Structure formats: structure tokens, C-alpha cells
Visitor: 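This is the structure I have questions about; it appears just below.
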Number of protein chains: 2
Amino acid sequence: MQHKRRKNSVTIKDIAAEAGISYATVSRALNNRPGVNKDTKFRVQEAAERLGYSPNAAARSLVTRQACALALVIPDITNPFFPEVARGVEEAAARAGYSVFLCNTNWNGKKELSFLSLFESRRIDGLILASSNDNGTIAEKFAQTCLPLVAISSFARDIQCNQVIIDDVRGGYLAGCHLLEHGYKRIAFIGGLEGTQATKERFSGFLKSLAEAGIEIDPELCRYGSFTWKSGYHNTLKLLNMAGRPDAIFAANDLLAMGVMQAADELGLNIPGDLAVIGFDDISFASYPRVCLTTIAQPKNKLGQVAAELILTELKEGQKKEFSKIVLAPELLIRRSCGCS
Amino acid sequence: MQHKRRKNSVTIKDIAAEAGISYATVSRALNNRPGVNKDTKFRVQEAAERLGYSPNAAARSLVTRQACALALVIPDITNPFFPEVARGVEEAAARAGYSVFLCNTNWNGKKELSFLSLFESRRIDGLILASSNDNGTIAEKFAQTCLPLVAISSFARDIQCNQVIIDDVRGGYLAGCHLLEHGYKRIAFIGGLEGTQATKERFSGFLKSLAEAGIEIDPELCRYGSFTWKSGYHNTLKLLNMAGRPDAIFAANDLLAMGVMQAADELGLNIPGDLAVIGFDDISFASYPRVCLTTIAQPKNKLGQVAAELILTELKEGQKKEFSKIVLAPELLIRRSCGCS
DNA sequence: TTGTAGGCGTTATCAT
DNA sequence: ATGATAACGCCTACAA
């Protein structure tokens with residue numbers, strides 16, 4: 001079967017013919033430009049309706065040089081953190097009449113970079129980037145395109161572009177303080193990949209809280225891996241089998257914290273009775289009664305919204321001379337895993 | 001500050017000037033069309049590279065009438081079922097050089113419909129629709145646009161369009177059989193919204209398994225609500241406080257099943273000792289040790305991939321005369337909530 | 001208030 | 001193998 005070309009759609013010229021006027025006027029009428037007679041405008045709208053006219057976005061962007069589209073680049077939509085961000089972005093964009101391209105990089109730097117040429121080609125208006133590359137080398141390349149860009153989530157902080165981030169240091173500090181207030185003394189830390197921005201900053205905030213309490217951390221109690229519950233599980237097993245085992249653990253995200261719980265369960269340790277745990281993120285399952293994890297909540301949806309709005313206003317008002325850096329505050333969300341109530 | 005127009009980007013005309021040839025030839029060279037001298041082609045590519053050329057997608061779509069973009073319409077990217085589907089769609093699309101617009105409807109029929117005009121305007125090549133509207137009235141409107149369309153997930157089965165679905169009836173049947181094999185006799189059913197396709201079909205398969213075992217269901221044991229764990233929780237509470245309370249529950253999705261577990265926990269009932277539970281979906285948290293839910297797994301990622309590929313081949317080979325209806329098989333995934341091992 | 005015409009960056013169809 | 005040139009559908013001066 002032959003490939004059928006899409007049926008020719010109706011254009012403003014068709015409308016012009018139908019309404020018996022020039023198509024320039026049709027364009028004006030349809031775009032609510034001033035200086036169009038009230039009832040020619042009415043006739044135009046009526047004709048457009050009748051003919052089932054739909055403006056051709058490609059033609060329009062060709063002349064306006066605007067795609068009315070943003071791109072959202074994230075490592076993995078399957079990770080419970082990102083869907084909420086994505087939803088925030090989508091909502092804010094839709095409200096402003098913008099569409100959003102979903103770009104899932106699968107933690108693959110090459111794929112992430114490959115999106116770049118796509119964006120240039122599509123003349124995307126702006127992009128929101130949660131880079132899979134933590135040291136910012138990829139983000140830097142994106143920044144060089146001059147495309148309105150906002151980087152979100154964790155990555156090298158010194159990169160030159162707009163940023164909307166969570167105050168990870170403060171989050172770590174809050175976590176540490178909460179544990180300390182409960183009287184825990186021997187607190188362990190389980191991070192994601194070592195050297196990673198999120199891990200480092202959450203850890204440093206945590207350290208600060210310890211320092212304020214006059215506690216020096218035992219390096220034995222600091223373990224790293226990846227942001228998965230398996231990693232949290234294995235590290236906890238090791239921690240719990242040590243001579244002087246910890247009485248509390250700060251896990252750098254909720255997935256890790258769930259791994260902590262799993263390990264404790266297996267060893268017959270009660271949470272929070274024998275071991276306290278605090279996480280980071282507040283993914284939806286943290287609130288599930290069988291988990292009931294006390295955690296440092298990130299405003300994920302807001303993160304997405306703010307990021308999108310930042311770009312949108314920049315699109316409207318022109319790029320600023322300086323880059324914006326918006327930092328959102330994390331919040332302690334108390335549930336049961338630390339011994340409260 | 002004035003709005004700065006995006007800097008004029010380099011076009012094939014610039015390349016033509018640079019290489020000293022006509023821009024028609026440049027176009028040919030860049031698109032690997034036959035009939036271009038080998039080293040003019042080389043010169044063109046070289047010039048393009050040097051000038052930092054990036055083709056203008058809008059201009060191209062204007063003439064080719066292809067946007068090289070799909071749209072993915074889903075009710076809520078935050079629901080753990082959809083991110084996996086989205087990932088499947090994105091991967092398949094990206095492999096074929098297509099981008100995907102993320103359209104989150106928030107279970108809002110109006111917003112869902114509003115996307116329609118957007119798609120027409122953008123001349124989307126095809127769309128994948130998980131309608132929020134279960135009876136198919138919205139999907140029908142989408143189908144009328146003549147846009148290559150594939151409907152996924154649950155909805156009225158008789159609607160005229162391509163479909164990629166999970167065999168919900170079989171899923172329900174598998175669930176029922178598994179419970180029956182364990183010797184449970186008084187099995188309850190907790191669905192989502194009553195009348196909803198997923199709920200109905202999963203229930204009917206479940207009924208069939210009971211019928212084969214010569215068991216007639218007690219209407220008292222069938223409860224409905226919404227696909228949330230709260231709903232599962234409340235319904236289970238009622239079920240468990242009945243005179244002849246069930247010894248097993250088939251929850252029409254995993255979220256509901258988690259609510260079941262929560263209620264059982266609260267009443268001090270052991271799972272699976274005092275009450276067996278089986279779910280549907282296999283969301284990632286079903287495998288978490290503290291949940292360990294036996295469930296009917298849906299191939300979510302595959303669902304997305306197959307849907308995207310279906311559209312993509314239709315785009316390549318032209319629309320078929322008949323609509324495709326691909327039904328994917330669900331699978332029993334045994335964990336601990338029914339008493340196995 | 002309305003019409004004319006040029007241009008946005010490509011692809012495609014003619015010639016040459 | 002290459003070059004003109006006409007679309008594609010729309011916006012926008014500029015002219016009337």
C-alpha cells in the first residue's frame with residue numbers, strides 16, 4: 001500500500017477565499033491583532049470554525065522563531081523522584097501554552113549529549129536539565145548553546161547557568177539534628193555514589209550538625225554505593241555487623257533508607273527501637289504505613305514548576321545578565337523511623 | 001531590557017556561499033541524496049561543520065509535512081504505572097529519531113481534549129493515548145482526527161482505533177486461580193472505580209476462576225472505590241469486620257493491595273497467615289521486602305514500546321485498513337503475600 | 001480597515 | 001552533477 005500523504009489541511013488562504021478577503025486580514029483576525037473590523041473578524045472566525053482550520057505550528061515557528069516548546073531532560077523517569085518534577089514542569093508549561101519534550105537519558109551521557117543537536121534543530125525555546133553527569137561537564141556544553149537553560153537537582157554548583165536546587169546541605173543538617181535530638185550518638189551515614197554532589201552536600205550538612213554537638217564521626221560509619229535500595233541494604237548489613245554498630249543511620253535518599261530497613265528487618269532489629277533511620281526525598285512510598293519513614297522532604301513538584309517558570313519569564317522578558325540561582329528549602333518530615341510518637 | 005531575538009542561525013544558504021555552490025546542492029549533500037559529487041559533498045559537510053550548521057526542523061516539517069514527533073497522553077505521570085510506559089515509548093521513539101511530547105492530563109477530561117487542537121496544530125505524526133476517560137468518548141474524538149492513534153491501557157474495548165492492551169480478564173483469572181490453588185475459599189474482591197474497564201475485566205476473569213472451582217461469589221465480598229491505597233485500606237477494614245470475613249483478597253491493583261496490607265496490619269492480622277492478598281500491576285514497590293506482594297505483572301515498559309512501534313511502522317508503511325489490536329499477556333509473579341514458600 | 005508582497009529555511013521539481 | 005525556482009503556511013512591514 002502506498003504511503004498516503006496527510007490530507008492537505010485548510011490554511012488561512014482557504015479561509016480568506018471563504019470569507020472573501022485577503023489572507024493577511026485573516027491572519028490578523030485570528031491572532032487578535034488590533035485594527036480589524038469587528039464583523040470581518042467575526043466572519044473570519046466563523047469561516048475558520050466551519051472549515052475546521054488549525055494553524056500550522058511549523059509555519060508559524062518558521063517566521064516567529066519560537067517553537068513554544070521546552071525540553072525536559074532527565075536521567076530516568078522511572079526513578080520516583082522525577083515524575084513529580086516532570087509533572088510540575090508540564091503543568092507550568094501547559095499553563096503558558098508551551099509543550100514539553102520528554103527526554104529520558106537513561107543515565108547515558110552519550111544519549112544526553114545527543115539531545116543537544118536535536119534541540120538546536122528544533123529550536124526549542126528553553127530546556128530544563130537534570131543531568132546524569134554530576135560534575136557538570138555535560139551541563140556546561142548545554143549552557144554553551146545559549147539556549148535558555150535551567151539546571152535542576154544536584155550537580156556541580158559552579159557551572160554557569162540558571163539553577164533551581166534544593167539546599168542539600170541544610171537537608172543533611174536537619175537530618176543530623178533530628179537524630180541528635182533523639183539522643184542518638186553513634187550515627188552512620190550511607191550515601192549514593194561517593195563524590196557525587198548530592199551525597200557530598202547532604203553529608204557535609206550532616207557533619208555540621210554532629211560538629212555542633214561535639215561529635216566526631218567515625219569514618220568506619222560512612223559508606224557509599226549507589227542510590228538504590230540494594231546498595232542501602234548491603235551497606236547496612238556491613239554496618240550492623242561491626243563491633244560498635246550504629247544506633248542510627250542517615251541515608252542520603254529514601255531508596256537507601258528502605259534498604260536500611262530491609263537489612264534491619266533481616267537481622268531482627270526493630271526500627272526505631274534498635275536502630276533509627278532517616279531518609280531524604282520523601283518519595284511517595286515513604287509514607288506507606290509499612291515504611292513510615294522519617295525523611296527530609298524535597299519540594300519536587302515545586303522544583304519542576306519553579307524551573308519552568310524561570311525559563312518562561314526569561315523567555316518573556318529577555319535573558320537576564322546574571323544567572324538566577326533559586327534554592328528551595330527541604331523540610332523535615334517526621335514519621336516513625338526515628339522514634340517520634 | 002528589550003527582548004532579543006534569537007541570533008540568526010546559519011542556513012544552507014550560508015553553507016552554499018561558503019562552499020561556492022547553490023543551496024539546492026547543499027540540501028542534497030546534507031541529506032545524502034544520490035547524485036552529488038563526492039568531494040562537493042565533502043566540502044559541504046566540512047563547511048556545515050565549520051559554520052556550526054543545524055537544520056531548522058520547522059522549515060523542514062513545513063515542506064515534508066512531518067513533525068517527527070509523537071505525543072504521549074497520560075492521566076498522571078506520578079502514578080507508578082505510567083513512568084515505565086513512558087520510558088518504553090520514549091526509548092522506541094528515540095531509536096527511530098522521533099521526539100515525544102509529554103502530555104499529563106491530571107485525570108482532567110477537559111485538559112485531555114484541549115491537547116487535541118494542540119496536536120492538530122503541531123501536526124504530530126501520531127499519538128499514544130492512555131485516556132482518563134474510561135468509556136472511550138474522549139478516545140473516540142481523538143480517533144476521528146485521522147491522526148495515527150494507539151490507545152493503551154484500559155478503556156472501552158469497542159472503540160475504533162489501534163489498541164495495545166493487557167489481557168485484564170486473563171490477569172484476573174490468574175489471580176483467582178492462584179488463590180484457589182492455595183485453598184482459599186472465601187475470597188474477596190476490591191476494585192477501583194466501579195464500572196471501570198480495568199475493574200470490570202479483572203473482576204470477570206476472577207469470577208471465571210471461581211466458577212470453575214464451583215464457587216459462587218458473595219456480593220458482600222465485592223467492594224469498589226478508587227485505585228488508591230486509602231481506598232484499599234478502607235474497604236479492607238469493612239471486609240475484615242464482617243461476620244464471615246474473607247481469607248483472601250484479590251485487589252485490582254497493587255496500590256489497593258498495599259492498602260489491604262495496611263488494614264490487616266492494623267487489625268493485627270498476619271499476611272499471609274490470616275489473610276492472603278494478591279495485587280495487579282507489579283509496581284516497583286511490590287518487590288520491596290516489607291511489601292513482598294504477589295501480583296499479576298503487567299509488561300509496562302513493553303506496553304509503551306509496542307505502542308510506539310506500532311505507530312512508527314504505520315507511519316512508515318502507511319495506515320492499515322484495519323486497526324491493530326495487540327494484547328499483551330500478564331504474568332503471575334509469586335512473592336509472599338499468598339502463602340507461597 | 002484592508003490588501004500586496006517579501007521572507008522565514010527547507011525540500012522538490014524542473015531544467016541545464 | 002548542479003542550478004534556478006517554486007512551493008510549504010504563516011507573519012508583518014508597507015502601501016492603499
Side-chain angles (χ1 to χ4, degrees), chain A residues 3 5-45 47-48 51-68 117 120-125, chain B residues 3 5-45 47-48 51-69 97 117 120-125:
Chain A
H3 174 70
R5 279 203 137 197
R6 178 198 239 94
K7 72 171 187 297
N8 283 334
S9 36
V10 353
T11 75
I12 49 174
K13 297 196 181 180
D14 298 321
I15 299 180
E18 182 81 2
I21 53 177
S22 82
Y23 66 84
T25 304
V26 173
S27 173
R28 279 188 284 258
L30 257 22
N31 292 303
N32 290 314
R33 293 255 179 292
V36 175
N37 186 301
K38 212 172 165 189
D39 48 79
T40 48
K41 182 166 176 175
F42 180 79
R43 268 161 50 217
V44 166
Q45 290 171 331
L51 265 38
Y53 170 76
S54 172
N56 184 319
R60 182 177 285 169
S61 357
L62 186 53
V63 27
T64 62
R65 291 152 185 275
Q66 297 195 323
C68 277
S117 60
E120 297 190 327
S121 172
R122 286 201 185 276
R123 306 297 196 265
I124 291 286
D125 298 302
Chain B
H3 174 71
R5 280 202 134 196
R6 179 198 238 93
K7 72 171 188 298
N8 283 333
S9 37
V10 354
T11 74
I12 51 174
K13 296 195 181 180
D14 298 322
I15 300 179
E18 181 82 3
I21 54 176
S22 81
Y23 67 85
T25 303
V26 173
S27 174
R28 279 188 285 258
L30 257 21
N31 291 303
N32 289 315
R33 295 245 181 297
V36 175
N37 187 303
K38 212 173 165 187
D39 47 79
T40 49
K41 181 166 176 175
F42 179 80
R43 267 164 47 221
V44 166
Q45 290 172 329
L51 266 37
Y53 170 76
S54 173
N56 184 318
R60 183 178 282 167
S61 352
L62 185 54
V63 25
T64 62
R65 292 152 183 277
Q66 296 193 325
C68 277
S117 61
E120 296 189 329
S121 173
R122 285 200 186 276
R123 307 297 196 264
I124 291 286
D125 298 302

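Every chain is numbered from 1 and lettered A, B, ... according to where its sequence line falls, protein lines coming before strand lines. The shown structure was predicted, so the numbers you read here are calculated from the model rather than taken from an experiment. Below, each value reflects all heavy atoms present in this structure, side chains not excepted, and no hydrogens, waters or symmetry copies.
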Visitor: Any base atoms under 4.0 Å from B/S54, or only sugar-phosphate, or nothing? Heavy atoms, all strands.
Guide: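 Sugar-phosphate only.
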
Visitor: Output yes when a side-chain donor or acceptor of A/N31 lies under 3.5 Å from a complementary backbone atom of A/R33, and no otherwise.
Guide: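 No.
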
Visitor: How long is the straight-line distance from CD1 of A/I12 back to OG of A/S22, given to the nearest 0.5 Å?
Guide: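 That separation rounds to 9.0 Å.
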
Visitor: What nucleotide, of C/dC8, D/dC11, C/dG3, holds the atom closest to the side chain of A/S22?
Guide: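 Nearest listed nucleotide: C/dG3.
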
Visitor: Once you round to the nearest 0.5 Å, how far does OH of A/Y23 lie from CG of A/D14?
Guide: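 Nearest 0.5 Å value for the OH-CG distance: 12.5 Å.
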
Visitor: Hey, does the side chain of B/S27 come within less than 4.0 Å of C/dT11's phosphate (OP1/OP2), counting only N and O?
Guide: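 For C/dT11, OP1/OP2 do have a side-chain N/O of B/S27 under 4.0 Å.
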
Visitor: Among D/dC11, C/dG9, D/dG3, find the nucleotide with the atom closest to the side chain of B/I21.
Guide: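 Minimum distance to the B/I21 side chain belongs to D/dG3.
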
Visitor: Which residues within residues 12-20 of chain B lie with some heavy atom under 4.0 Å of an atom in DNA chain D?
Guide: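 Residues of residues 12-20 of chain B that come under 4.0 Å of DNA chain D do not exist, since none gets that close.
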
Visitor: What distance do A/Q45 atom CD and A/N32 atom CG have between them, rounded to the nearest 0.5 Å?
Guide: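 So the gap between those two atoms works out to 7.0 Å.
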
Visitor: If I take atom OG1 from residue B/T11 and atom CG from residue B/N56, how far apart are they, to the nearest 0.5 angstrom?
Guide: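 Going from OG1 on B/T11 over to CG on B/N56, the span is 9.5 Å.
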
Visitor: May I have the distance from B/R123 (atom CZ) to D/dG9 (atom P), rounded to whole angstrom?
Guide: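 Result: 8 Å.
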
Visitor: How long is the line joining CG of B/L62 and P of C/dA12, in whole Å?
Guide: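 Value for this atom pair: 12 Å.
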
Visitor: Just how large is the angle between the end axes of the helix from C/dT1-D/dA16 to C/dT16-D/dA1, five pairs per end, to 10 degrees?
Guide: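 The value is 40°.
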
Visitor: Once you round it to whole Å, what is the distance between C1' of C/dT10 and CG of B/L30?
Guide: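 For the pair B/L30 CG and C/dT10 C1', the rounded distance is 11 Å.
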
Visitor: Is any side-chain heavy atom of A/N37 closer than 4.5 Å to a side-chain heavy atom of A/F42?
Guide: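 No, side chains not in contact.
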
Visitor: Has the side chain of B/R65 got a donor or acceptor that lies under 3.5 Å from a partner of the other kind on the base of D/dG9?
Guide: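 Absent.
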
Visitor: Main chain of B/I21, side chain of B/T25: is a donor-acceptor contact present, judged purely on distance under 3.5 Å?
Guide: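 No, the answer is negative, given that no donor and acceptor are paired below the 3.5 Å cut-off.
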
Visitor: For A/R28 and D/dC10, what is the distance between atoms CZ and P respectively, to the nearest whole Å?
Guide: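 These atoms are roughly 15 Å apart.
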
Visitor: Is a donor on one side and an acceptor on the other found under 3.5 Å between the side chain of B/D125 and the backbone of B/A67?
Guide: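 Yes, the answer is positive, given that a donor and an acceptor are paired below the 3.5 Å cut-off.
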
Visitor: D/dC11, D/dT5, D/dT2: which one has an atom nearest the side-chain heavy atoms of B/Y23?
Guide: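 Selected nucleotide: D/dT5.
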
Visitor: To the side chain of B/A59, which of D/dG9, C/dT10, D/dC11 is closest?
Guide: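 The answer is C/dT10, which lies nearest to the side chain.
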
Visitor: Can you pull out the residues from residues 32-45 of chain B that lie within a 4.0 Å heavy-atom distance of DNA chain C?
Guide: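 Under 4.0 Å from DNA chain C: B/R33.
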
Visitor: Could you work out which one of C/dT10, D/dT2, D/dC10 sits closest to the side chain of B/R60?
Guide: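 It is C/dT10.
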
Visitor: Step by step, work out the side-chain contact (heavy atoms from CB on, under 4.5 Å) result for A/L30 and A/I15.
Guide: CA-CA 10 Å; A/L30 257 22; A/I15 299 180; 4.1 Å; yes

Visitor: Counting only N and O atoms by type, is there a donor-acceptor contact under 3.5 Å from the side chain of A/R43 to the main-chain atoms of A/A19?
Guide: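 A pair under 3.5 Å: yes.
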
Visitor: When all nucleic acid strands are considered with a 4.0 Å heavy-atom cut-off, which category describes A/T11: base, sugar-phosphate, or nothing?
Guide: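 Sugar-phosphate contact only.
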
Visitor: May I ask you to check whether A/S121 and B/R60 show a side-chain donor-acceptor distance below 3.5 Å?
Guide: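 No, because no side-chain N or O of A/S121 sits under 3.5 Å from a partner of the opposite role on B/R60.
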
Visitor: Under 3.5 Å, is there a donor on one side chain and an acceptor on the other for B/S9 and A/R123?
Guide: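 Yes, because at least one side-chain N or O of B/S9 sits under 3.5 Å from a partner of the opposite role on A/R123.
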
Visitor: Measure from the side-chain heavy atoms of A/N56 and tell me the nearest of C/dG3, D/dA6, D/dC10.
Guide: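 Of all the options, the side chain of A/N56 is nearest to D/dC10.
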
